[in-house]
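First up is the structure itself, then whatever we jot down about it.
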Amino acid sequence: MEQLDIPLELRLPINYQAHNISGLVKHLRPVLFRKGEIYCCLLGPDTESGILGIGNSPQKAISDWERKVADRLSQDSKDDRLAIFLKNVLKDSN
């Protein structure tokens with residue numbers, strides 16, 4: 001899966017191995033970054049076709065992203081390359 005190249009100085013660290021991190025974040029490894037006063041969590045090649053969570057804190061951006069992943073997975077995904085990727089990664093992680 002192609003990931004949007006976020007400049008390192010904008011990225012915020014996520015400890016993907018932390019015990020309190022969700023399985024979605026742990027296995028899909030989105031990028032967390034700050035854009036002005038807003039925090040963003042993104043998986044995908046861009047903010048339009050990828051899955052973008054936003055919030056006024058890192059945790060709120062991650063929570064928004066997790067909700068949007070769940071929404072994307074619940075839709076008919078036979079033509080959605082990102083949803084197919086999500087399902088394959090999550091299937092392989094089990």
Side-chain angles (χ1 to χ4, degrees):
M1 167 57 45
E2 182 183 346
Q3 177 65 32
L4 181 65
D5 186 25
I6 307 294
L8 289 176
E9 62 271 11
L10 298 179
R11 290 183 183 209
L12 300 170
I14 297 176
N15 180 355
Y16 297 108
Q17 303 309 316
H19 71 280
N20 62 341
I21 204 84
S22 75
L24 288 176
V25 174
K26 184 179 288 190
H27 297 296
L28 296 173
R29 296 182 176 259
V31 175
L32 183 65
F33 62 99
R34 191 170 184 169
K35 188 172 183 178
E37 296 298 315
I38 300 295
Y39 292 89
C40 303
C41 186
L42 174 69
L43 179 69
D46 56 55
T47 59
E48 300 301 316
S49 63
I51 299 173
L52 176 67
I54 58 172
N56 60 5
S57 71
Q59 188 52 47
K60 287 184 179 181
I62 291 170
S63 294
D64 186 47
W65 178 83
E66 291 170 321
R67 182 184 56 76
K68 289 177 179 175
V69 168
D71 289 347
R72 190 85 170 248
L73 288 171
S74 70
Q75 298 173 12
D76 181 18
S77 61
K78 63 184 174 193
D79 296 324
D80 184 346
R81 290 180 42 210
L82 182 54
I84 292 167
F85 171 80
L86 297 172
K87 289 178 181 180
N88 287 335
V89 169
L90 295 172
K91 183 180 86 174
D92 290 345
S93 69
N94 290 328

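Worth knowing before you read on, the calculation uses all heavy atoms, side chains too, and leaves out hydrogens, waters and symmetry mates.
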Please round to the nearest 0.5 Å and tell me the distance separating atom CZ of R72 and atom NZ of K87. 11.0 Å
Quick one: are L86 and L24 in side-chain contact, heavy atoms under 4.5 Å? no
Please tabulate, for the side chains in residues 48-57, all donor-acceptor contacts under 3.5 angstrom to protein atoms that are two or more places apart in sequence or on a different chain.
residue	atom	partner	partner atom	Å
S49	OG	D46	OD1	3.0
S49	OG	D46	OD2	3.4
S57	OG	K60	N	3.1

Got a sec: does the CZ of R67 have more than 12 other heavy atoms crowding it under 6.0 Å? yes
side-chain contact (heavy atoms from CB on, under 4.5 Å) for W65 and L32? Distances and angles first, verdict last. CA-CA 10 Å; W65 178 83; L32 183 65; over 6 Å; no
CZ of F85 to CG of L90, rounded to nearest 0.5 Å, is 9.0 Å
Straight-line distance of Q75 CD to D80 CG, nearest 0.5 Å: 7.5 Å
Would a hydrophobic clustering, with Ile, Leu, Val, Met, Phe, Trp and Tyr connected at side-chain separations under 4.5 Å, put V31 with L28? no
Kindly list each side-chain donor-acceptor pair under 3.5 angstrom involving residues 1-14, sequence neighbours excluded, with atom names and distances?
residue	atom	partner	partner atom	Å
Q3	OE1	G44	N	3.0
Q3	NE2	L42	O	3.2
R11	NE	I6	O	3.0

Evaluate the criterion salt bridge (charged side-chain N to carboxylate O under 4.0 Å, His left out) for residue pair D71 and K68; output intermediate values, then yes/no. CA-CA 5 Å; D71 289 347; K68 289 177 179 175; over 6 Å; no
Indicate yes or no for a side-chain donor-acceptor contact from R34 to the backbone of G36 under 3.5 Å, with no hydrogens or angles considered. yes
What closest approach, in Å, do A61 and C41 show between heavy atoms, and which atom pair accounts for it? O-CB, 3.7 Å
Residues two or more places apart in sequence or in another chain: which of them pass side chain to side chain donor-acceptor pair (under 3.5 Å) with N88? none
Hey, what do you get for NZ (K26) to CG (N15), rounding to the nearest 0.5 Å? 9.0 Å
Is it the case that one hydrophobic cluster holds both L43 and Y16, taking links as side-chain heavy atoms less than 4.5 Å apart, direct or via other members? yes
